[in-house]
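What follows is a short report on a single structure.
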Amino acid sequence: GQSPALSSRKLQLRIAQTLFHHVWPSSEDENSKKRKQLVLASLGLMVGGKVVIIQVPYLFKHLVDTLPSSELLASDPALTSTVPLAVLLGYGASRAAASGLQEYRCGIYIVNILFQIQPDCFCCTVH
């Protein structure tokens, strides 16, 4: 027969194909188009969140690089807190954006699933 690694590989491919058909339906009805739009929106949000997360180390590098030198501090004390504070606020905003994109991505699917399971629950909030 087949080696265990080969049969395991075939099984994994079959599982992936089955799951792919549930995520990306092949029919062209209205629900399928909506699901495809949700998948694309989710992928876009995931990529956007990853880009924001990747920029965090660069923000810290910029924060350290923009710390004023002792000579500059002696000439302009206002630089002591202005530049590092601005970069630190940018870091906080990027972390909040990454978290928000992640939550929004999950929320897209949760709301869609809830509408499919029990559309009657949301009749009073939608109309």
Side-chain angles (χ1 to χ4, degrees):
Q2 297 177 346
S3 69
L6 184 61
S7 62
S8 174
R9 177 92 171 146
K10 284 185 177 182
L11 179 64
Q12 290 173 353
L13 285 173
R14 191 169 39 154
I15 291 171
Q17 288 173 341
T18 302
L19 291 175
F20 181 76
H21 290 298
H22 289 289
V23 174
W24 194 264
S26 59
S27 64
E28 293 298 324
D29 63 347
E30 190 61 35
N31 280 341
S32 295
K33 288 180 181 179
K34 190 177 215 178
R35 182 171 292 156
K36 288 176 183 180
Q37 289 172 346
L38 290 173
V39 168
L40 291 175
S42 178
L43 285 173
L45 290 169
M46 181 182 68
V47 168
K50 297 300 179 187
V51 167
V52 171
I53 288 174
I54 288 171
Q55 82 176 8
V56 170
Y58 295 107
L59 280 173
F60 272 131
K61 178 194 175 299
H62 186 66
L63 176 65
V64 171
D65 289 346
T66 57
L67 289 174
S69 65
S70 57
E71 300 89 33
L72 190 59
L73 284 177
S75 65
D76 192 3
L79 288 177
T80 305
S81 61
T82 306
V83 175
L85 182 62
V87 174
L88 194 58
L89 289 173
Y91 164 75
S94 68
R95 292 296 297 179
S99 178
L101 289 171
Q102 175 75 14
E103 293 299 320
Y104 187 63
R105 182 174 60 102
C106 291
I108 285 175
Y109 278 107
I110 291 170
V111 169
N112 186 42
I113 289 169
L114 290 176
F115 269 115
Q116 287 178 0
I117 293 173
Q118 193 59 265
D120 301 342
C121 293
F122 299 100
C123 65
C124 56
T125 59
V126 174
H127 299 292

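Counting from 1, the numbers follow the sequence of the chain as shown.
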(request) Starting from I53, walk the hydrophobic network (Ile, Leu, Val, Met, Phe, Trp, Tyr; side-chain heavy atoms closer than 4.5 Å) and list everyone else you reach, by chain and number. (result) none
(request) Please round to the nearest 0.5 Å and tell me the distance separating atom CG of L13 and atom NZ of K10. (result) 9.5 Å
(request) Check whether L40 and F20 end up in the same hydrophobic cluster, where Ile, Leu, Val, Met, Phe, Trp and Tyr are linked by side-chain heavy atoms less than 4.5 Å apart. (result) yes
(request) Write down the atom of V52, the atom of S94, and the distance for their closest heavy-atom approach. (result) CG1-O, 2.7 Å
(request) Mind listing the closest non-hydrogen atom pair of G48 and L101 along with its distance? (result) C-CD1, 3.6 Å
(request) Starting from V47, walk the hydrophobic network (Ile, Leu, Val, Met, Phe, Trp, Tyr; side-chain heavy atoms closer than 4.5 Å) and list everyone else you reach, by chain and number. (result) V51
(request) Can you see which heavy atom on G49 is nearest to which on A98, and at what distance? (result) O-CB, 4.0 Å
(message) Once rounded to the nearest 0.5 Å, what's the spacing between atom NZ of K50 and atom CD1 of I54?
(response) 8.5 Å
(message) If we ignore hydrogens and angles and just use 3.5 Å, is the side chain of S99 paired with the main-chain N or O of A96 as donor and acceptor?
(response) no
(request) For K33 and E28, work out which heavy atoms get closest and say how close. (result) CE-O, 3.5 Å
(message) Closer than 3.5 angstrom, by distance alone: can the side chain of S42 be matched with the main-chain N or O of L38 as a donor-acceptor pair?
(response) no
